[in-house]
Structures are given as C-alpha cells and as structure tokens.
Amino acid sequence: RVGVHGGPAVSGIIGKSRFCFDMWGDSVNVASRMQSTGLPRTTQVTSEIYDLVEDDFELTLRGPVELKGRGPVVTYITAPSVQDE
C-alpha cells in the first residue's frame, strides 16, 4: 500500500551522535493515514492529488475514508497491481 497527499511540511535532522532525518506536519500525517487505510497492492490518494494527476494516471473513486483527527476524506485508488508468480 502507498498513500499520497501534498502540502506544507517541515523536515530536519535530529540527534547529537546518531543523526536521523524526519518530517513533520499535517500533510505528512494525512499521507501516512492514506497509506494505513489503503487497500493491498494499490496507491490511495486524496482529492487534492487526484486533481493534479487525473490526466496522467487511471484512478478510481474509492469514496470517503474516515481519518483519525480529520474526519471523512474523499479518496481515489489505482487498480491493484498484479504480482509476478
């Protein structure tokens, strides 16, 4: 599963002896929730991303998905990928 959303975010490197790169912000949280509520072998995107890529990718309306702390969000998904056997 992959989740995609766009918007402002903050990133930085944290730590004193062992460094770690991290990102914060509402956009990061929504993208994470797009991934966690997605369906196996699909990419789930918000309507903001759909509006940007609808001419380039074949996406299907999944409908509203309830996101913690945000409420219902309209989502679109790609067709499930076929894995080689």
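Values below: every heavy atom of this structure, side chains too, minus hydrogens, waters and symmetry copies.
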- Item | Pairs touching residues 16-33 that satisfy side chain to side chain donor-acceptor pair (under 3.5 Å), sequence neighbours left out | D26-R70
- Going through the distances and angles, do V10 and V28 end up as a side-chain contact (heavy atoms from CB on, under 4.5 Å)? CA-CA 9 Å; V10 175; V28 176; over 6 Å; no
- Message: Show me the pairs that pass ring pair (Phe, Tyr, Trp, His ring centres under 6.0 Å) and involve residues 30-77, at least two apart or across chains.
- Response: Y50-Y76
- Message: Test of understanding: clusters of I, L, V, M, F, W, Y form through side-chain heavy atoms closer than 4.5 Å, transitively. Do V74 and V53 belong to the same one?
- Response: yes
- Query: Considering residues at least two apart in sequence or located in another chain, which fulfil the side-chain contact (heavy atoms from CB on, under 4.5 Å) criterion with V4?
  - Reply: V2, T43, V45, I49
- Query: Considering residues at least two apart in sequence or located in another chain, which fulfil the side-chain contact (heavy atoms from CB on, under 4.5 Å) criterion with E48?
  - Reply: H5, T46
- With sequence neighbours excluded, tell me which residues meet side-chain contact (heavy atoms from CB on, under 4.5 Å) with F19. I13
- Just wondering, are more than 12 heavy atoms of other shown residues or ligands nearer than 6.0 Å to CD in E66? yes
- Item | All side-chain contact (heavy atoms from CB on, under 4.5 Å) counterparts of R62, not counting sequence neighbours | L39, Q44, V65, T75, I77
- Residue pairs passing the salt bridge (charged side-chain N to carboxylate O under 4.0 Å, His left out) test with at least one member in residues 2-11, sequence neighbours excluded, are none
